[in-house]
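Everything below concerns the one structure shown next.
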Amino acid sequence: MARIKIKTLLTDTDTGTNVLVKGWVRTRRESKNVVFIALNDGSSLKNLQIVADPAIFDEKLIARVTTGACISVSGSLEKSQGAGQTVEVIAEQIEILGDSDPEKYPLQPKKHSLEFLREIAHLRPRTNTFGAIYRLRHQMIFAIHKFFNDKGFLNVHTPIITCSDAEGAGEMFRVSTLPVDGVPKTAEGKHDFSEDFFGKEASLTVSGQLEAELGALALSEVYTFGPTFRAENSNTTRHLAEFWMIEPEMAFYELKDNMDLAEEFLKYLVNYALEQGAEDLEFLAQRAADEDKNKPVDQRPELGLIERLRFVMEHPFERISYTEAIDILKNSKPNKKGKFQYPIKEWGADLQSEHERYLVEKHFKKPVILYNYPKEIKAFYMRQNEDGKTVRAMDILFPGIGEIVGGSQREERYENLLQRIREMHIDEQGLWWYLDTRRFGTTPHSGFGLGFERLMLFMTGMTNIRDVIPFPRTPGNAEF
Ligand code: ATP
Ligand code: MN
């Protein structure tokens, strides 16, 4: 008999048929003449109830069916007598595939703290919460590829090891095979990377954008979806040292087209999750609501998780310029009362997450797209505006998260790009290939980066980014 997944069995299989299921025991309950086993194989949030008659099984075998053990069960699928499930399996044969010591198994059938679960990240996918997060994460990955594929975008793999240090998006991790106890020195006493593996200094990429642009300037619409690395020493609930980023790049798109695509994309993903991941989302919504009860009233979100997702899907994002945002912030209550850690004094200030969250959560109460930022606080490759002060950047800010997307129209004019590179003292030699695209067949083009784990924070209602990636990397943490 072929094994059938629990999800299929709970939705598609007729009662009265004989089935074979395999999975991990969540709990075992017994009364005088019946044993109930809750079995989970990760295919769905729901457990399958197995009913075993102790009279037909060896006592020693039943004793080994403990929380955490892996078992195989065959029997007949029947309508359930009890509440809580529609069907159950009346066991005819039980085989222990892997014993588990119930005294030592770290996951007890009770609520564990997220902090504790991070210490056992190798086992946490066996909990309801992490099962739901893993399944939703997969659904989002699939939906991202589907969205772009349906629009005719090509997926390009951009390099993970890079020698361009010009991206400026964050501190980089060095990639080297030189001996740890001393990088060779040049005659002038500088580090000599010519003896290193690539013959020059190399790092893990902080973004696939520059290479994705090369794809867009040949294939029109491309996207890269890969790991990115930042030696962020900030230890926040929104930063990882290793995270995944979706970066579309599109030829012939100007800033507005870029914003339209990003908004459509985010709404598509939310809709997909609501349609395809309803069961897991409802579980996570309940979980978040329970957590919120422990917060002071003024810190509880106004909407529950599902309502929040619906709201984002149904309302246009607010689009305002940086200049308008500064005016709002300058005149805001927290600014006047000195409540911001970084008071907004004048145009040109970089926005901190407290400002972003004020705009989204207090002022507009919806996602906000901020555009046309001062060039001084943005990257060299952004398209300069005619005012000489701003660039065509756009950031999307989400409730509870802050920045979820960062993007821009790219500077397509060779002279302007070169001038900005020089002003910012960026190594222009290292960027010869990037500059080449502006010499040969340049055109207006745009793109953005969506941090996948920031998206997952929003989708799941989790509040720490370490809980929406299977194996988080943060300062001091790279176990598993
Ligand atoms: P922030 O100001 O929040 O640090 P950033 O300006 O450094 O973000 P970008 O360089 O524009 O971010 O990167 C694009 C997107 O990648 C961001 O909008 C965010 O969603 C995500 N992101 C950036 N840094 C991290 C990180 N350390 N961990 C997880 N996601 C990140
Ligand atoms: Mn950053």
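Every number for a ligand or one of its atoms is a count from 1 in the order of the listing. Note that the structure is predicted; figures quoted are calculated from it, not measured.
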Legend entry - Those residues that, when tested against E302, pass side chain to side chain contact (heavy atoms under 4.5 Å, CB included) (two or more places apart): K365
Inset, instruction - Fit a plane to each ring of F480 and F471, take the angle between them on a 0 to 90° scale, and name the class: parallel (under 30°), tilted (30 to 60°) or perpendicular (over 60°). - result: tilted
Inset, instruction - Establish, yes or no, whether a centroid distance under 6.0 Å links the rings of Y268 and F147. - result: yes
Inset, instruction - Give the numbers and elements of all ligand 1 atoms closer than 4.0 Å to a heavy atom of H239. - result: 1 (P), 3 (O), 4 (O), 26 (C), 27 (N), 28 (N)
Inset, instruction - State if I465 counts as touching ligand 1 under the rule of any non-hydrogen atom under 4.0 Å. - result: yes
Inset, instruction - Start with the C-alpha distance between Q286 and E282, add both sets of side-chain angles, then the distance that settles side-chain hydrogen bond (donor to acceptor under 3.5 Å, both in side chains), and finish with yes or no. - result: CA-CA 6 Å; Q286 188 54 52; E282 271 154 33; over 6 Å; no
Legend entry - Distance-only N or O hit between ligand 1 and I404, under 3.5 Å: yes
Legend entry - Non-hydrogen atom of E453 closer than 4.0 Å to ligand 1: no
Inset, instruction - Please could you name the atoms of ligand 1 that E232 approaches to less than 4.0 Å, counting only its heavy atoms? - result: 24 (N), 26 (C), 27 (N)
Legend entry - is_close_aromatic(F265, F148), centroid dist under 6.0 Å: yes
Inset, instruction - Would you please classify the geometry between the F153 ring and the Y253 ring as parallel, tilted or perpendicular, with 30° and 60° separating the classes? - result: perpendicular
Legend entry - Atom indices of ligand 1, in the order listed, that fall short of 4.0 Å to a heavy atom of V405: 18 (O)
Legend entry - Closest to atom 16 (O) of ligand 1 among M245, R238, E242 (heavy-atom distance): M245
